[in-house]
Amino acid sequence: MAPPLLDHLNPQQLEAVTLPHGSALVLAGAGSGKTRVLTTRIAWLLATGQASVLSVLAVTFTNKAAREMLTRLSALTPLSVRGMWIGTFHGLCNRMLRAHHRDADLPPLFGILDTADQLALIKRLYKAHGLDDDRFPPRQLASFIASAKEAGLRPSAVEAGDEFARRQVEHYALYEAMCRREGVVDFAELLLRSYELLAGNEPIRGHYQRRYSHLLVDEFQDTNLLQYRWLRLLAGPKATVFAVGDDDQSIYAFRGANAANMQHFERDFGGAEHPVRLIKLEQNYRSHGHILDAANALIRHNRSRLGKELWTSEGAGEPVRAFAAPSDLDEAAFVVDAIKGIADEGVPLSEIALLYRSNAQSRVLEHALFGAGLPYRVYGGMRFFERAEVKNALAYLRLVAEPGDDGALLRVVNFPPRGIGARSLEQLQDAARGRGTTLWQAACSGAVGGKAGANLAAFVASVERMRADAASLPLPEAVEHVIAAAGLKAHYAAEKDGDDRVENLEELVNAAQSFVREAEYAADAPMLPGSAAPDAEPAGGGAGGGVSDPLAAFLAHAALEAGETQAAEGRPALQLMTVHSAKGLEFHTVFVTGLEEGLFPHENSLNERDGTEEERRLMYVALTRARRRLYLTHAQSRMLHGQTRWHIASRFFDEIPRELVSWLSPPRRRYGAIDVDRSEWGGLESPAPERPASTPRGPEWRVGQSVRHAKFGVGVIVGAEGRGSDARVQVNFRESGVKWLALEYARLEPVSS
DNA sequence: AAATGTGGAATTTTT
DNA sequence: TTCCACATTT
């Protein structure tokens with residue numbers, strides 16, 4: 001073992017890295033060196049001969065995390081890490097299913113549906129079966145299917161209590177049949193199919209169980225039930241699992257993440273000889289003391305926790321700064337002002353983040369930043385492989401690889417326009433349905449006559465030609481050729497605003513280029529000998545690699561790695577993003593904006609089970625992004641859905657000890673802090689309000705007024721909308737929280753305060 | 001087939 | 001308000 005490997009590890013990190021045989025759960029707090037421990041652990045296992053490159057499997061959630069792990073690991077070990085199974089759950093499952101497609105009952109070149117493809121498929125399904133999409137919204141079916149699959153349930157196994165559920169299960173079964181017919185799988189299917197492959201095929205399961213002596217899992221709190229069960233299957237009797245996670249940063253329950261997996265880990269992965277070891281990484285290398293104290297105090301309000309407290313050997317640092325703005329516009333103005341000051345201190349703009357709970361909130365901030373001439377970058381939005389022109393090109397490529405893909409055919413059969421309109425498609429679909437074939441087969445069969453038939457035949461012939469031409473070309477050239485032969489390039493070049501699209505198509509060729517480069521890079525990795533499954537495991541790096549057909553591999557890559565939302569710009573820019581997307585990142589200065597009841601915590605979360613705790617964890621994530629300076633802001637009034645709404649300050653302010661916080665605006669009163677009257681804002685240089693406050697009509701009620709309700713008790717009016725008999729007020733009750741009440745029915749009494 | 005209009009909904013997101 | 005999906009029009 002090379003001694004430098006273990007240098008500079010703190011005692012807990014060192015313990016985790018060098019744990020003897022047995023499974024371990026590492027509770028790694030924010031900024032505690034989680035990735036470092038994970039990668040050093042692998043390097044340590046390799047260096048001490050406890051594991052070989054082939055016997056390690058490391059799994060993450062995002063491609064980004066997988067790449068980072070690979071990069072950092074390469075720096076820690078002299079061994080070649082290519083051929084090592086490091087990737088996302090979906091990437092690894094894809095790899096496994098490609099290698100064993102026959103046993104998994106999949107076509108060799110099966111396609112992967114992204115969310116949009118899946119939705120399109122469901123809509124086609126509805127149309128084909130004459131199903132009612134008002135009563136069964138496609139999106140709802142998609143999420144029904146996803147949850148069923150995440151619970152490991154095929155249609156026959158789903159229990160349907162009522163008629164509605166029964167119908168959904170029927171639709172689920174039809175959906176499965178359609179996917180099978182078209183040779184495609186959705187994201188959840190990758191997981192479930194891989195799970196079933198391992199569960200139902202002893203030789204393959206035995207092979208992988210013998211192969212992997214060490215399984216390492218990143219962001220373990222984000223695993224869903226199926227991923228957990230997949231891990232359990234993959235971990236043979238002698239394997240050890242090294243799971244790293246932070247229950248306090250579990251913020252993806254809404255998409256199936258099950259932090260309870262951390263609690264079950266001890267039971268499921270511990271043996272009598274080797275009980276599960278629990279290690280806490282609590283030393284934080286990121287933030288100054290006051291920031292950590294605030295985060296610790298906040299998260300202590302959660303009941304369901306494994307328990308952990310961050311500390312730092314650095315100083316206390318600056319206090320947390322808080323600001324109450326009269327309106328969202330004032331909040332934005334304050335942020336802009338503060339940023340100018342911070343930038344003057346020499347902090348690079350890229351080191352300043354503006355965080356918010358929901359994307360809609362970026363607008364006001366952007367507007368203010370734009371007005372001030374401050375460069376910024378907004379995260380989220382359209383990803384590269386999701387762009388229409390890119391998806392069109394991919395659809396052609398998909399047809400070249402697998403013409404049975406009806407979704408791909410429908411997408412481009414008349415794009416660019418070639419005289420195959422809705423009527424022709426109707427005929428084609430009827431023909432396919434009548435014969436029980438794919439659209440492609442129907443088009444080939446000449447079932448559609450006349451002009452439409454001729455146009456279809458021409459389309460078929462041109463795709464056939466693309467396939468023949470592409471067969472003799474290296475992947476990037478093949479991609480380039482298909483884009484040109486399909487007429488996409490010419491089509492977009494002729495469009496008046498098509499420059500960006502042409503550029504993206506060229507970028508797609510580049511993407512194929514670098515994909516091939518990485519695959520070649522991986523090709524010299526040691527490969528298992530033999531060609532018979534289950535030992536035939538094509539090598540390949542990256543999430544989508546590992547397939548003998550480069551085109552299919554590239555298409556899988558495109559589906560599994562949607563790409564960056566925005567190419568990074570040249571000049572440094574402020575970072576605007578939701579708190580969710582900030583997870584894992586850190587900044588010198590962080591602004592957490594929109595800290596209002598109803599927004600953060602979000603009103604929808606109040607009805608969700610454990611919703612408030614999840615919101616609090618989200619807030620915890622937000623706070624722990626800051627290294628040196630943290631601003632918390634809220635606005636008393638805010639334009640939301642086209643209406644001005646009033647909100648009281650988030651409860652999260654109350655959960656951070658006062659002595660840590662320095663208010664830059666007049667301190668709030670505990671309740672009734674809604675100052676519509678701006679005279680109280682004397683010391684503040686806030687601009688004059690641009691929107692008048694629209695309090696309900698009548699002299700009796702105004703925002704800020706204290707009221708009593710027969711059932712809910714005493715509260716304060718914090719918002720209002722409508723007038724006359726429609727007038728509703730939003731009241732924050734001391735006991736029962738924020739509620740909307742119709743003035744006509746709720747008999748409110750004024751209370752003098 | 002593009003252009004225009006209408007209604008409804010409007011956390012959070014990766015694969 | 002603003003965005004989207006969908007329907008209708010030209």
Side-chain angles (χ1 to χ4, degrees), chain A residues 59-66 87-94 112-120 123 133-134 137-139 142-143 146 149-150 185-192 194 218-219 222-224 226-227 250-257 328 355-364 367 379-381 383 385-386 414-424 495-496 543-544 556-565 577-584 594 598-608 611 614-615 617-619 621-622 638-645 691:
Chain A
V59 60
T60 63
F61 276 85
T62 64
N63 292 298
K64 196 174 160 203
T88 63
F89 280 101
H90 293 85
L92 297 179
C93 288
N94 172 53
I112 300 172
L113 301 175
D114 68 17
T115 315
D117 300 330
Q118 185 192 24
L119 209 61
K123 286 178 182 168
D133 57 353
D134 281 330
R139 279 175 194 286
S143 77
K149 289 185 178 179
E150 276 167 22
V185 299
D186 62 34
F187 287 134
E189 185 70 23
L190 286 172
L191 262 305
L192 181 54
S194 171
D218 191 19
E219 304 280 18
D222 288 340
T223 48
N224 66 32
L226 185 54
Q227 289 160 338
S250 166
I251 57 174
Y252 286 114
F254 71 91
R255 66 176 198 215
D328 48 352
L355 308 185
Y356 35 80
R357 176 66 178 81
S358 62
N359 292 111
Q361 291 165 246
S362 74
R363 188 163 240 97
V364 178
H367 185 78
Y379 282 74
R383 310 281 226 64
F385 286 110
E386 292 167 355
N414 197 36
F415 192 92
R418 47 172 75 86
I420 304 174
R423 300 176 53 85
S424 313
E495 236 178 28
K496 53 181 179 296
H557 167 78
L560 291 175
E561 156 102 77
E564 289 286 310
T565 46
M577 66 191 86
T578 63
V579 180
H580 279 94
S581 21
K583 192 178 154 205
L599 252 168
F600 199 0
H602 197 278
E603 51 196 352
N604 294 1
S605 72
L606 303 177
N607 313 316
E608 289 162 9
E614 174 121 334
E615 294 289 303
R617 289 192 292 269
L618 195 53
M619 179 68 177
V621 167
R638 176 179 300 275
M639 195 58 121
L640 219 57
H641 310 327
Q643 280 180 321
T644 304
R645 300 229 321 204
R691 293 196 222 107

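From a predicted model like this one, the values you see are computed outputs, not experimental measurements. Letters A, B, ... are given to chains in the order of the sequence lines, protein chains preceding strands, and every chain is numbered from 1.
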Might you work through the salt bridge (charged side-chain N to carboxylate O under 4.0 Å, His left out) test for R383(A) and D114(A), ending with a clear yes or no? CA-CA 12 Å; R383(A) 310 281 226 64; D114(A) 68 17; over 6 Å; no

Value in whole Å for how far the [atom2] atom of [N] lies from [atom1] of [X]:
X: L191(A); N: dT14(B); atom1: CG; atom2: C1'; answer: 12 Å
X: Q643(A); N: dA9(B); atom1: CD; atom2: P; answer: 15 Å
X: D222(A); N: dT13(B); atom1: CG; atom2: C1'; answer: 11 Å
X: D117(A); N: dT15(B); atom1: CG; atom2: C1'; answer: 13 Å
X: R139(A); N: dT13(B); atom1: CZ; atom2: C1'; answer: 13 Å
X: E603(A); N: dT12(B); atom1: CD; atom2: P; answer: 12 Å
X: H367(A); N: dT1(C); atom1: NE2; atom2: C1'; answer: 14 Å
X: H557(A); N: dT14(B); atom1: NE2; atom2: P; answer: 16 Å

Would you say [X] places a side-chain N or O within less than 4.0 Å of OP1 or OP2 belonging to [N]?
X: R383(A); N: dT13(B); result: no
X: K149(A); N: dT15(B); result: no
X: S581(A); N: dT12(B); result: no
X: N359(A); N: dT13(B); result: yes
X: N63(A); N: dT14(B); result: no

Quick one: which of [options] gets closest to the side chain of [X]?
X: N604(A); options: dT2(C), dT13(B), dT11(B); value: dT11(B)
X: E608(A); options: dT11(B), dA1(B), dT15(B); value: dT11(B)
X: Y252(A); options: dA1(B), dT13(B), dT15(B); value: dT13(B)
X: F187(A); options: dT12(B), dA10(B), dT15(B); value: dT15(B)

Taking any heavy-atom pair under 4.0 Å as a contact, classify [X]: base, sugar-phosphate, or nothing.
X: R617(A); answer: nothing
X: E219(A); answer: nothing
X: F254(A); answer: base
X: S605(A); answer: base
X: K583(A); answer: nothing
X: F89(A); answer: nothing
X: N224(A); answer: nothing

Taking for G419(A) and for A559(A) the nucleotide of DNA chain B with the nearest heavy atom, the one nearer the 5' end belongs to G419(A)

Position toward the 5' end of DNA chain B (nearest nucleotide), L618(A) or G421(A): G421(A)

Would dT11(B) be called syn or anti, given that syn covers angles within 90° of 0? syn

Counting a pair only when it is Watson-Crick or G-U and both distances are under 3.5 Å, which runs of at least 3 such pairs involve DNA chain B? B:1-10 with C:1-10

Provide the distance between the two C1' atoms, one in dT11(B) and one in dC6(C), to the nearest whole Å. 24 Å

Taking N and O atoms by type only, does the side chain of T115(A) place a donor or acceptor under 3.5 Å from a partner on the base of dT15(B)? yes

Specify whether H580(A) and F254(A) have parallel, tilted or perpendicular ring planes, treating 30° as the upper limit for parallel and 60° as the lower limit for perpendicular. perpendicular

Any donor and acceptor pair, going by atom type alone, linking the side chain of [X] with main-chain N or O of [Y] inside 3.5 Å?
X: E219(A); Y: T60(A); result: no
X: E561(A); Y: N63(A); result: no
X: N414(A); Y: I420(A); result: yes

Check whether the side chains of Q361(A) and S358(A) place a donor and an acceptor atom closer than 3.5 Å, and report yes or no. yes

I want to check something: taking the side chain as every heavy atom from C-beta on, are D218(A) and V59(A) in contact at a cut-off of under 4.5 Å? no

Here the gap from L560(A) atom CG to T88(A) atom OG1, rounded to the nearest 0.5 Å, amounts to 6.0 Å

From CZ (R645(A)) to CG (D328(A)), nearest 0.5 Å: 12.5 Å

Going by 5.5 Å between centroids and 30° between planes, is there a stack of H641(A) over dA10(B)? yes

